[in-house]
Amino acid sequence: MSYIKSFIDFLSAPTISFTLLTVAFPFIFPPSDYFEKKNRQWGVYKLWTNAGGFWVFVLITLFFIVGYFDPHFNLTMTKPDNIPIILMIYSMYFLTWLGMKKAYANDERLDRGEKPEEWNDPDDKVLVWPDLVYIELIALILFMVALIVWSILIPAPLEEPANPAATPNPSKAPWYFLGLQEMLVYFDPWLAGIVFPMFIIFGMMAIPYMDVNKKGEGYYSFKERRVGYFIFMYGWLVLWVFLIIIGTFFRGPNWNFFGPFEWWDPHKVVPLTNVNLSEYVWVKLLNKGLPVNIIARESVGFVAVIGYLFIMPILLAKTKLKHLYDHYGPVRYATLMLFGLTMFALPIKMYLRWMFNLKYIVAIPEWFFNI
Amino acid sequence: MNDERYWNIKLLNKWFAISSVVFMVSMIWMFIDDNDDDFKVYQREFRKMEILKAEEKLDSELEAVKQERVQFEEKLQIARTALDNKQGEIETAQIELDNVSAKFYKANMNFLNAKSIVDAEKYQYETVKIHGHGDELKKAEEYYNGLLEELYELKLKKEDFEGRMLAQDASIKNMQAERKLAEDELNQVLKEVNLVDRKLSKLDRDRMSFANKLGDIVRDLPILDFMAPYYKVEQVVLPDIKYNVNFASVPEVDRCTSCHLGIANPDYVDAEQPFTTHPDLDLYLTSSSPHPYEEFGCTGCHNGRGRGTNFTSATHTPSNADEKKEWEDEYHWHKMHHWLKPMLPTRYSEASCFKCHNDEVQIKGADKLSHGLALVDKYGCNGCHAIQTYPNRRKAGPDLARLNEKVDKEWTAKWIRDPQSFRHNTRMPSFFGQTNNSDEESLKRNETEIATMVEYLFKDGEKFSTRNNRKYMGDAVAGEALFNVVGCKGCHVLEPDPDNLPQVNTLEGMLSKHGPNLIGLGSKTSAEWLYNWLKDPNSFWHETRMPDLRLTDAEAKDITAYLLSFNNAEFEEQDDLEISTEALDEIALGWLKKMYPEKESESRLDAMSYEDKVGYVADKSIRYYGCFGCHNIPGYEKAKPIGTELTVEGSKPVDKLDFGFQHHLDHNNYTWFTEKLKNPRYFDEGKEIPPEDKLRMPNFNLKPEEIEAIVTTILGLNDDKVGESVLASRAVDDPMVYEGRKLIRDYNCKGCHVIDGFGGQIAENYSAPEYAPPNLNTQGAKVQPDWLFKFFKHPMVIRPNLQVRMPSFTLTDEEWNAIIKAFQHWDDNNLSFESEFHVDNSTTEFKAGKKLHELGACNNCHFYGTEFPKQGAQTWAPNLALTKERLHPDWVIEWLRDPQNIMPGTKMPAPFLPDEEILTLPGAESDWGKYVMKMNGDQEAMLEGLRDYVYSIKGKVDITNEIQSYFKQHGYDFESDDEEDEDDEDW
């Protein structure tokens, strides 16, 4: 058992788990025919069958049962603050499973030339009362029951009076912001705390204007919009929900990473060896000091960032993504690229950090401007 | 219908029903959960106990008045019967009263009506008087006067009825008076019974009417219980006891009495917790105590979460592992991780006294804290650890400026290496041979460090020599005798066997441990040094607390010989310490590297001569070990203390205390402090650290009791805030009083004298308390301040037959004044200047006093100037010629009235004063003389007369020389005579 536990501890390190998830993701939500083929070949689609759903549910539950009896994970898991995260894991899995199951069923119907399951005759209407309001009322009551029972069984996790001279270690944001806090590990506060959250909100508001594919409206379907599905699910499940889970269960004192079955030792020391891109170029590669001029010093970083955000989309529009550009037009294409590339900047930066200890691409602490 | 709908409505109805029921159940559950507080369970239980107690009390009260009440009840019965006979009369009178009352009511109404009109008209009339003229004015005046007349009529009428009404009422009352009186009398007898009965009727549902019973149930129902519930949270807001929420201090709110219901009630001493009575109601909780509940609450002293209303949320803290287990089983107790200031374990409760009593030396009722504070002072904790609320008054260890005259290098080095091997109970802590520096390498390193430090201390060369020893040594046997009685034992012991030490773990024990245990001096110092030290300690070390006993040269030589006769052979045989050049280089390089780059360090080391290296390492070592925290070392006068500041150490968050790898310890501050004091290097275990960064707090080899006392003190050093009005210093009018008390502690006055009910341990060396230094009870009221000041500056013999001497202390005038203030404060006497007491020797009292004095044969024991007493030296008493200058006249009266009360064990008898009866006996006049007869048995006047006479006695005041020359001639062997006498009697 201890072997399995240390294996899980090993797997859950962000470098490993994030990579595994990222690599596995296209096979789970295949955005192209190649992945679709592999998905079928390896039977990944079975995840969305009743049996698949059941077994994943069993696996998750088994993990928590084992965790409950583990002296270290028990402490993290039974903390009243963390109960919502456990519930979130179940609900996220259940809703994804339900959506995918329905989407696959509809895909088959559509393949057979049938109408989707949700399709109804446009004249066949239902009444707000009782068909909508009644079930809402029942749901409301049951939800109230759940909240009351929860509040009785698990008292509110109140802590000591706030003291600026003695902050808790680790200091954690509310659970719904843990994704943001995890981003802070890789980005400056102005990016991770201000720009990215705004981009998330505006990006989601922009989705209906960018994705004008009429297919799949009003019914579940995967095949008809698999690229959009893939991108959204990656952003949602991996870059947000998964980061919350990491922040909750795997980040301990000093924001160090701890596997679920590890003791949160506040004295654990992790080497801090991060290096800026400018240092890589000027110091390590060219063997000279950093240029005094800030712009010159960070020129490589600026080139990289501008290249990534602005030059690359133009090049792509003329080559690989020409069909997309033609289809979307310049405005929609530019918007999609801005939001999409910003989103993928997160995993890119994470990997640059893990693989090259890269601290900042553009590092101008003098101006509080670091990317 | 149904087919128009998307869902099956009947099914939805069922779901709705089910969910509603579940919702209802959860709501009920919520109510139960919300109202099912622990304190209510306790309150119900306590109510039962209260009923039982009240019933018991009722029974006993009834029993107590059983006899008495019969008589009063009979009386009442008679009065009632008499009243019944007058019933007709009373009824008629009552009708008449009603009638008159009605008429008065009407007349009064009319009067008030008219009066308000007159008031308004008065204003009108006044206005006209100023602005109007002629006719108008006249008219107004007439009108107003008319109204006044009307009002007058009405008033007469009203007063007439009022008078009749009151008379009628009085006559009815008169008729009923007898019964009322009888009733009152009976109630007076039954007062206690009625009180208990009324209480019971509120407590016991069985004694309530149906309606009251119903009300009693309803008042505690959920929601309705917001009005006036019986079972409720009891709380007190404490404006002067603050809780620090970091951004503000808020008043504490204590709800402890919601469960601890009998805490302030002496009836529940034997009750189980949580109902038990507080063990010290004289000091706490009651309104007559100095710490009433309304002002100090519970958390003011005990800490904890005052707002908590269950066992866990009140943050009770178990005293030990067993109790913890018990609580976990019984109350499901667990630690409230987020409450930073949990309740203090009972053994540390006294820590809280410090918040308000921080300037006091010996806090009454807080012996442990006082002990801890005394230890902090004695061990010099605040020499290295700054404590702003308890600053260091003087370096704890001796001045090392002239160390080279006192001891030699070898002794010093061995002493530093292991002080305990020379003096087993020394307060010099052990720096070396500890858990983190006992390995081979450290031993070598430390030896070199010590040797270099010794070199620094002896940089002017050894001036110590035993060559002249003979010149300064007298008779050791005489020295021993003198040592035992002259007063040395007030502060010193001489005890080579650690097992025979007096109990030194308490405040009392510290008195005899004030100075060092004087063992092995023969292996330490020279006769010359010791002799000079005894003769004048202050010239060697200005801040020493060792006083000058005014020893003669011969006496000093005798004591020197005695003290030097003790050797410590084992210590002498220890290997000498030597500097190892290898280690010297290594240590020097280690320190250099802390400041300079590697290469530079090495070249700097190369550039140093051997002497440079020794000096460098010595300096680094002295700074590293912080020797100057306790010792004055030339060159380090301005060095900063090396320890953590402890001013608010008790409030330091636990996570700021480095538990190292000692994971098995409970994570709370007192465990950490305890372990740290037990073994200051404990938390280094398992760590990889260079020698320069190791823990270096020395080991004080403290006893468990001492550790507990010091931990209590550290817990008391916290940032808890209290209001100005509860500070104990407010009760003292002059801050000098505190300074005086500190000086009394610093100079160990209580080693010899009982002061404020404590001290005088030296007495055990004498055959009787009267041969020991005097009890200083009532001293502040006893002596005149200017005399006392003179005496302190130049002590003289007061009690002629005492061998022990009041030493001469080198204190400043300010300090002596503070000490005098302290004594005066204890006895509520704050005058600095007093008028002289003049005696009128022509009064009858004076003459009577003279006679009484003759009869009392005072001169049997007392000196009259240079006139010696008639009896032998063992009963000698102070010189009466000194009285006028020394004593307070008021105090002398109290003293004469009952000497035993003021100085228990004194041989002074109270003078026999004849009362009126004795003076009327035949022959009284010839016995007592005519002046005493005139007193008519007024003993107060006789005492005054006696006092006056004593104040008129003239003679030499300071008879020190006369007494000394007497004893030089006759010796002090009367004490043994005394014992022989007793033996004779036995025989």
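We use all heavy atoms of the structure for the numbers below, so side chains are in, but hydrogens, waters and symmetry mates are not.
- Applying the 6.0 Å contact sphere to CH2 of B/W15 captures no more than 12 heavy atoms from other residues, nucleotides or ligands.
- Between B/W333 and B/K324 the shortest side-chain heavy-atom distance falls below 4.5 Å.
- Contacts between residues 23-32 of chain B and chain A, defined by a heavy-atom separation under 4.5 Å, are made by B/F23, B/S26, B/M27, B/W29, B/M30.
- Both the backbone and the side chain of A/I141 come within contact range of chain B, each with at least one heavy atom under 4.5 Å from a heavy atom of that chain.
- Pairs engaging residues 257-273 of chain A under the side chain to side chain donor-acceptor pair (under 3.5 Å) rule: none recorded [sequence neighbours left out].
- Taking chain A as the reference chain and counting heavy-atom pairs below 4.5 Å, the highest number among B/D655, B/N244, B/D33, B/I18 is found for B/D33.
- A/L140 does not touch chain B: none of its heavy atoms, backbone or side chain, sits under 4.5 Å away.
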Listing, residues 93-103 of chain A side-chain donor-acceptor contacts under 3.5 Å, not counting sequence neighbours, or none:
unit_1: A/T96; atom_1: OG1; unit_2: A/M92; atom_2: O; d: 2.6
unit_1: A/W97; atom_1: NE1; unit_2: A/T49; atom_2: O; d: 3.0
unit_1: A/K101; atom_1: NZ; unit_2: A/N50; atom_2: OD1; d: 2.9

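- In terms of the side chain to side chain contact (heavy atoms under 4.5 Å, CB included) criterion, residue partners of A/L147 (sequence neighbours excluded) are, by chain and number, A/F143, A/W150.
- Around the OH atom of B/Y231, the shell of radius 6.0 Å holds more than 12 heavy atoms that belong to other residues, nucleotides or ligands.
- More than 12 heavy-atom neighbours from other residues, nucleotides or ligands sit within 6.0 angstrom of NZ on B/K687.
- Neither the backbone nor the side chain of B/D34 comes within less than 4.5 Å of any heavy atom of chain A.
- Below 30°, between 30° and 60°, or above 60°: for B/W327 and B/F311 the angle between ring planes is above 60°, a perpendicular geometry.
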